[in-house]
Protein chains: 2
Amino acid sequence: MTSQAVPPTTVDRLPVYLRCLLQAKGMRMPVINSVQIAEMAGTNAAQVRKDLSYLGEFGTRGIGYDVDSLITQLSRCLGVTEQRRVAIVGYGRLGSALQSYPGFEERGMRVVAVLDADPSKVGTAVNDTAVESIDELEAVVSREGVEIAVLTVPAEAAQAVANRLVAVGVGAIMNFAPVRLDLPADVAVRQADVAGELQVLSFHLELQGR
Amino acid sequence: MTSQAVPPTTVDRLPVYLRCLLQAKGMRMPVINSVQIAEMAGTNAAQVRKDLSYLGEFGTRGIGYDVDSLITQLSRCLGVTEQRRVAIVGYGRLGSALQSYPGFEERGMRVVAVLDADPSKVGTAVNDTAVESIDELEAVVSREGVEIAVLTVPAEAAQAVANRLVAVGVGAIMNFAPVRLDLPADVAVRQADVAGELQVLSFHLELQGR
DNA sequence: GTATGTGAAACGATTCACAGCT
DNA sequence: AGCTGTGAATCGTTTCACATAC
């Protein structure tokens, strides 16, 4: 039923659509159409319809999309009907900021473990989760059933830690260290590089002679 | 000299190339070729050459690229030969993590101002920068010559704060709030949405039946 | 009448393959 | 001989426009 081969560009937009639909639900809209979704998401209606059509036929011609049912469908496609089990590896400033970010729970992400190499940080309790030693990485990942890891360790450590995560079965990694990870093709990796993003903004300023 | 119309996909990769070159410089490599850059950056050689060719002719046939001079060229294109003046707006956990991130300075970004709406945070000194009131936004931006703003305010406040930033002449905004900003076309905007990124990873897990 | 779903057209990005320079 | 720079070919994405369904 779920057609294979959803284009990557489409996948990147799905979380945006889901956010818009939740917002529409918050505004008590029972039904929404592609023009409205596009407006909220910052794209155009044709794009919205094409994107959704890769996942199935969720709309009703002449009417639009039922907000609740489209939320259900998108959540299913994104695999966030159950909370995903997330570990934060590296409890520095960024790691701790992410650990206490309230936006995760409501979007299907539960932080179930926090790891750090620094013994002085280990044992610190944050919310209901304690910081555990990175030496215990394998045990913690198994015990908690970690599915996604967020890497906020120093750049030098990132590859080694990623290797260990993959070896214990973690299939998805979001990497905040400014290094490219070399991992098996079946592991999903997203790279976050804030300084790099700022440089892209700087490029645009430069173009305008600023 | 700088040819117009560099494809956006190319621009996104330029910070990656610059990072790789700095790494090569650190390894005392005087010269590098497109195969080596590609390997470090996680692309292929043809892509690297095409990308660089949009910016100019920086290489020497039969030899490769002089590392130092390519660093200079890329830094120039990205507009980071001088430090860019950055303001962090919203001194919550994420804002404070970014404020103290050491990776900015070495990549051409200087945090010159930190703003927050909470009076209890105002006046707190961090590094050499004090947190100032968001009421003073216009004055601070002018005084410090802010070029790029990093928005780490609550989602509800993001659009209003962004409007004020643009009105005082900020031309580039990196937005961490999970809302699409509606701004004039000449303002450069990058959206960061960590929860959304994690949902994309979740999609890939779901595909593999995980 | 209205809005979806989708082939076809237009557009943009990546890869190929080689001429041109060192 | 070796590596860049680049047209041409391929591939993927977006947009158009309309048949189809309500």
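These values consider heavy atoms only, across backbone and side chains, with no hydrogens, waters or symmetry-generated copies.
Side-chain polar atoms of B/Asn33 and B/Tyr65 form no donor-acceptor pair below 3.5 angstrom. Counting only N and O atoms by type, the side chains of B/Arg84 and A/Ser202 include a donor and acceptor under 3.5 Å apart.
Across the protein-nucleic acid pair, A/Glu57 atom CD and D/dA21 atom P stand 10 Å apart, rounded to whole Å. For B/Leu52 and D/dT6, the CG to P distance is 11 Å, given to the nearest whole Å. The interatomic distance linking A/Asp51 (CG) with D/dT15 (P) rounds to 10 Å, in whole Å. Residue B/Asn44 contributes atom CG, which lies 15 Å from atom P of D/dG5 at whole-angstrom precision. One atom, CD of B/Glu39, and another, P of D/dC3, lie 13 Å apart when rounded to the nearest Å.
The side chain of A/Tyr54 lies closest to D/dT14, out of D/dT4, D/dT14, D/dT6.
Between the side chain of A/Arg61 and the base of D/dT20, a donor-acceptor pair under 3.5 Å is found.
B/Asn163 is not listed as a side-chain neighbour of B/Val166, based on a closest heavy-atom distance of 4.5 Å or more. With a 4.5 Å cut-off on side-chain heavy atoms, A/Thr43 and A/Asp51 do not count as touching. Here the side chains of B/Ile148 and B/Val170 are not in contact, with every heavy-atom distance at 4.5 Å or above.
When the nearest nucleotides of DNA chain D are assigned to A/Lys50 and B/Gly64 by heavy-atom distance, the more 5′-ward of the two goes with B/Gly64. Nearest-nucleotide mapping onto DNA chain D: of A/Gly62 and A/Ala46, the residue sitting toward the 5' end is A/Ala46.
A 6.0 Å sphere centred on CZ of A/Arg93 holds no more than 12 heavy atoms belonging to other residues, nucleotides or ligands. Heavy atoms of other residues, nucleotides or ligands lying less than 6.0 angstrom from CD of B/Glu82 number 12 at most.
A salt bridge does not link B/Arg210 to A/Glu147: none of the charged side-chain nitrogens sits closer than 4.0 Å to a carboxylate oxygen. In this structure, A/Glu132 pairs ionically with A/Arg143, as a charged nitrogen and a carboxylate oxygen lie closer than 4.0 Å.
The outermost nucleotides of DNA chain C lying under 4.0 Å from heavy atoms of chain A, listed 5' to 3', are C/dT2 to C/dA8.
Phosphate proximity of D/dT4 to B/Ser34: present, with a side-chain N or O under 4.0 Å from OP1 or OP2. Taking only side-chain nitrogens and oxygens, A/Gln47 comes nearer than 4.0 Å to OP1 or OP2 of D/dT15.
Looking at residues 7-33 of chain A, you'll see A/Pro7, A/Pro8, A/Thr9, A/Arg13 sit with a heavy atom under 4.0 Å from some atom of DNA chain D.
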